[in-house]
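Comments concern the structure below.
Only heavy atoms go into these numbers, but all of them, side chains included; no hydrogens, no water, no symmetry mates. Just so you know, these numbers come straight off a predicted model, no measurement behind them.
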Amino acid sequence: MDQSEDQILAEQLAALGAVGWGSGRLVRVVAKLMRKNVHEVDLLVPLPFDDALKRVSGVLRRAGRAVEAVPVGSGEDETIRVVAGGGVGGLNPVVVTVRVSKADGGNSKVWLRAAAKEGLIRQRAGKKTAVRLASQLGAATGADGAGG
């Protein structure tokens, strides 16, 4: 079953709340009401699809913990979703969704989206995580930024 970013973030924050404050129920309810900080980045990777997918998967494995696969459909693209740590001390969960797809000329396209809940103190964990991972993906694949 595919969970939405909001559901995943609420569950992750509730788990943190249960560890630190004894009950995650209230944290889960409040998390659903919090604003989300989202940032997206597009990259053009000068590698064939299979090679690009392997390198992107490696970067994401090191960045966070995988959550369920997101169905895509065509075989021309693959979507990977992880939960990474962002914000101060890496304690703010960030849902990172990356889609790798075939492009013209033996290249691949990578679309990266990072989303995190924002509390009273704006950490912009979604944007900072997206920029950090885009940089790591660029170094691992030789990608050029196409926007974001």
Side-chain angles (χ1 to χ4, degrees), residues 1-45 47 49-50 52-103 107-141 143 145-148:
M1 180 175 122
D2 180 31
Q3 291 183 301
S4 74
E5 286 174 340
D6 289 322
Q7 289 172 320
I8 295 169
L9 289 168
E11 292 298 320
Q12 294 294 315
L13 288 168
L16 285 173
V19 169
W21 302 293
S23 174
R25 288 185 195 142
L26 179 60
V27 176
R28 184 180 295 111
V29 171
V30 171
K32 290 180 180 181
L33 301 173
M34 296 167 68
R35 274 186 270 183
K36 218 173 11 175
N37 176 251
V38 177
H39 191 72
E40 296 181 3
V41 178
D42 294 309
L43 301 169
L44 182 61
V45 177
L47 294 171
F49 175 74
D50 292 331
L53 183 60
K54 286 178 188 173
R55 292 189 189 191
V56 168
S57 295
V59 169
L60 293 178
R61 263 195 314 274
R62 289 186 298 276
R65 182 183 54 77
V67 291
E68 82 279 349
V70 178
V72 285
S74 70
E76 298 270 319
D77 60 4
E78 177 97 18
T79 302
I80 305 164
R81 182 174 274 174
V82 299
V83 175
V88 177
L91 294 176
N92 192 2
V94 181
V95 174
V96 180
T97 306
V98 176
R99 178 170 293 139
V100 181
S101 57
K102 292 181 180 179
N107 295 322
S108 300
K109 291 188 286 186
V110 175
W111 170 79
L112 181 145
R113 175 185 169 95
K117 292 290 187 168
E118 289 281 307
L120 293 174
I121 300 172
R122 304 278 181 241
Q123 296 184 34
R124 291 171 182 71
K127 181 176 183 175
K128 290 176 182 177
T129 301
V131 169
R132 176 176 51 87
L133 288 177
S135 175
Q136 291 175 4
L137 289 172
T141 63

Please walk me through it: do Val96 and Leu133 pass side-chain contact (heavy atoms from CB on, under 4.5 Å)?
CA-CA 9 Å; Val96 180; Leu133 288 177; 3.7 Å; yes
Hey, mind stepping through Gln7 and Gln12 against side-chain contact (heavy atoms from CB on, under 4.5 Å) and telling me if it holds?
CA-CA 9 Å; Gln7 289 172 320; Gln12 294 294 315; over 6 Å; no
Run the side-chain contact (heavy atoms from CB on, under 4.5 Å) test on Lys127 and Arg132 for me, step by step, so that the C-alpha distance in whole Å, both residues' side-chain angles and the decisive distance to 0.1 Å come before the verdict.
CA-CA 9 Å; Lys127 181 176 183 175; Arg132 176 176 51 87; over 6 Å; no
Please evaluate residues Trp111 and Thr79 with respect to the criterion side-chain contact (heavy atoms from CB on, under 4.5 Å), reporting the C-alpha separation (whole Å), side-chain torsions for both, the decisive distance (0.1 Å), and the verdict.
CA-CA 9 Å; Trp111 170 79; Thr79 302; 5.9 Å; no
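Looking at every heavy atom in both residues, Gly126 comes nearest to Asn37 through N-OD1, 3.0 Å. Between Val100 and Phe49, the closest heavy-atom pair is O-CE1, 3.2 Å. Looking at every heavy atom in both residues, Leu9 comes nearest to Pro93 through CD2-O, 3.3 Å. Taking every heavy atom of both residues into account, Gly85 and Val94 meet most closely at C-CG2, 4.4 Å. Taking every heavy atom of both residues into account, Lys117 and Asn92 meet most closely at O-ND2, 3.2 Å. Residues Val82 and Ala66 come closest through the heavy atom pair CG1-CA, 3.9 Å.
Thr141 and Arg55 form no side-chain donor-acceptor contact under 3.5 Å, judged by distance and modelled atom types alone.
Residues that satisfy the side-chain hydrogen bond (donor to acceptor under 3.5 Å, both in side chains) test with Arg113, not counting sequence neighbours, are Glu5, Glu40. Judged as a side-chain contact (heavy atoms from CB on, under 4.5 Å), and not counting sequence neighbours, the contacts of Arg61 are Ser57. In this structure, the side-chain contact (heavy atoms from CB on, under 4.5 Å) partners of Ala103, at least two apart in sequence or on a different chain, are Leu44, Asn107, Lys109.
Looking at Arg81 and Val95, their side chains come closer than 4.5 Å, going by heavy atoms from C-beta outward. Residues Val98 and Val110 meet the side-chain proximity criterion, which asks for heavy atoms closer than 4.5 Å.
The pair Asp6-Lys36 meets the salt-bridge criterion, with a side-chain N (NZ, NE, NH1 or NH2) lying under 4.0 Å from an Asp/Glu carboxylate O.
In this structure a side-chain-to-backbone donor-acceptor pair under 3.5 Å is missing from Thr129 to Gly86. Checking side-chain atoms of Glu118 against main-chain N and O of Gln123 turns up a donor-acceptor pair under 3.5 Å.
Rounding to the nearest 0.5 Å places CZ of Arg99 at 12.5 Å from CG of Leu53. Atom OG of residue Ser108 and atom CG of residue Leu43 lie 11.5 Å apart, to the nearest 0.5 angstrom.
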